[in-house]
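Shown next, in structure tokens, is the structure this report addresses.
Order of the sequence lines fixes the chain letters, A, B, ..., with proteins taken first and strands second; residue numbering starts at 1 for each chain.
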There are 2 protein chains.
Amino acid sequence: MKLTRISEIRRLELRQVAYEVLQTEGMAGATVEKVAQRAGASKGIVHHYFKSKQQLFEHAMRHSNALLRDEVIRRMRLARTPEQRLWAIIDGNFSADFFTRPMCHAWLSLCAEVPREPQLARIQRVVHARMRSNLLTALRSLVGEEQREHVALGITSLIDGLWLQMGLRSQGLSAADALGQMADYLSHRIPNVAWSQYLQRPGSAA
Amino acid sequence: MKLTRISEIRRLELRQVAYEVLQTEGMAGATVEKVAQRAGASKGIVHHYFKSKQQLFEHAMRHSNALLRDEVIRRMRLARTPEQRLWAIIDGNFSADFFTRPMCHAWLSLCAEVPREPQLARIQRVVHARMRSNLLTALRSLVGEEQREHVALGITSLIDGLWLQMGLRSQGLSAADALGQMADYLSHRIPNVAWSQYLQRPGSAA
DNA sequence: ACGAAAATTGGCCAACCAGCCAATTCTTGA
DNA sequence: TCAAGAATTGGCTGGTTGGCCAATTTTCGT
């Protein structure tokens, strides 16, 4: 019995490679041939698994999204209180493994295409909806109902803004800097929770 | 005597048109021919004024940057107090004329190229330095010296994050929403200033 | 072992594009 | 008016890319 068909393996490999190429080449410079070459395969095989370049990078976006989602889920499992759940979301978005300049460049390249690629826009909507839902749930006991949406938008915007800083600043930004900003925001916006405690043990939410 | 040579007029027109094309086509889809066509000119004339496509869009970035800078300067002139100066910077970044989806799309396209185009990175550095300088000056009497850089980074990130939301959200974001978020941030981070007063008269800092 | 199906190759093609340039039109100063 | 120079045209070219496909190799069930 075959659990994983070769086709599934190839699909996963290629979308991973496509995402890597995106990190260094950007959307315009990322050609099907470069993806094939980096994967050690021929150009034809890429088109065998993805009917178009567009679809290939659509799956690359799903890939990066899955990485981020898993980081958040892992931290969510360990969280026991609403504060911990909220911090799990934030900390997951600045996981040291993913909050890097190359990752940010790939993310930016994809974001820039969203307005013109309905499929990417669809993925973006799903990502956004999940983030909003997670935040609203965690905020339920922390913020009054009439302010929850507002605070959720503020947190989302600050996260995205810090990612942008990582990509655009000359010397980048450390995950600790970003988490410091988030803790600072939360300390002022949602007092009576000692948010700074989460900065002591970086990478952990429990 | 001729104040404005035709060459200068053309350069201004073309960089403006290049920026408009960027709004709808993105960086990959923005060809020299499309810019020429939209400008009602031939492809050759574009290369006559800009030695390369790269240089053309470098000037397009300067163009968009100049628009934003002027908006901030205009509000700065009317500001009399540090709070007003700080709000002038923020309000200028969400001027109703520029805080639109097409503008955001062009901005995103340029941001996504920054990592691979040293010239764009150079412009980006200048923009960032000016923003930082403006913010630190305005914050001098509002925030303790040891926290100024931190708050300046927070404000910058939140502004960029809200721009990103404008570009990525399905239904966009109004300038009022964005300014509401900024006022909310300032109210909690820099209390004892009635930031909400600035929301009464949208578009004005005085 | 064998044959069908899956996987893979490498090259072809049509489309597109940036850069270039010779020829033409327009502007301007004397 | 009339050159001289600036402005502009439009087509050419070399190079690249995405999509396609016929041919070949590999895998796998029987």
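At the phosphate of C:dT8, OP1 or OP2 sits under 4.0 Å from a side-chain N or O atom of A:R10. Between A:H47 and D:dC20, a side-chain N or O to OP1/OP2 separation shorter than 4.0 Å is absent.
Relative to the side chain of A:I45, the nucleotides C:dT9, D:dA7, C:dG19 differ in distance, and C:dT9 lies closest.
Summary of the strand contacts: A:K51 and A:K34 both lie near DNA chain D, and taking for each the nucleotide with the nearest heavy atom, the more 5' one is attributed to A:K34.
What you find for B:P102 and B:Q23 is that their closest heavy atoms are CB-OE1, 3.2 Å.
Proximity of a side-chain donor or acceptor of B:W107 to a complementary backbone N or O of B:S64 within less than 3.5 Å is not detected.
In this structure, A:Q37 places its CD atom 12 Å from P of C:dG10, rounding to the nearest Å. Atom-to-atom, CD of B:E33 to P of C:dG19 comes out at 13 Å; the value is rounded to the nearest Å. Following rounding to the nearest Å, A:F50 (CZ) and D:dG19 (C1') show an atom-to-atom distance of 16 Å. D:dA6 atom P lies 16 Å from atom CD1 of B:I9, rounded to whole Å. Look at CZ on B:F57: it is 12 Å from P on C:dC17, rounded to the nearest Å. Spacing between atom CD of B:Q55 and atom C1' of C:dG19 amounts to 13 Å, rounded to whole angstrom units. Atom NE2 in A:H48 sits about 14 Å away from atom C1' in D:dA22, given to the nearest Å.
More than 12 non-hydrogen atoms from other residues, nucleotides or ligands lie less than 6.0 angstrom from CD of B:Q55. For CD of A:E13, the number of neighbouring non-hydrogen atoms (other residues, nucleotides, ligands) closer than 6.0 Å is greater than 12.
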Considering only nitrogen or oxygen atoms on both sides, find all protein atoms under 3.5 Å from nucleotides 11-16 of chain D and state each distance.
unit_1: D:dC12; atom_1: N4; unit_2: B:K43; atom_2: NZ; d: 3.4

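Applying the salt bridge (charged side-chain N to carboxylate O under 4.0 Å, His left out) test to every pair with at least one member in residues 122-139 of chain B, sequence neighbours left out, gives these pairs: B:R132-B:E149. Each salt bridge (charged side-chain N to carboxylate O under 4.0 Å, His left out) pair with one or both residues in residues 41-63 of chain B, not counting sequence neighbours, appears once here: B:E58-B:R62.
The side chain to side chain contact (heavy atoms under 4.5 Å, CB included) test with B:R75 singles out one residue from B:D70, B:D91, B:I89, and that residue is B:D91.
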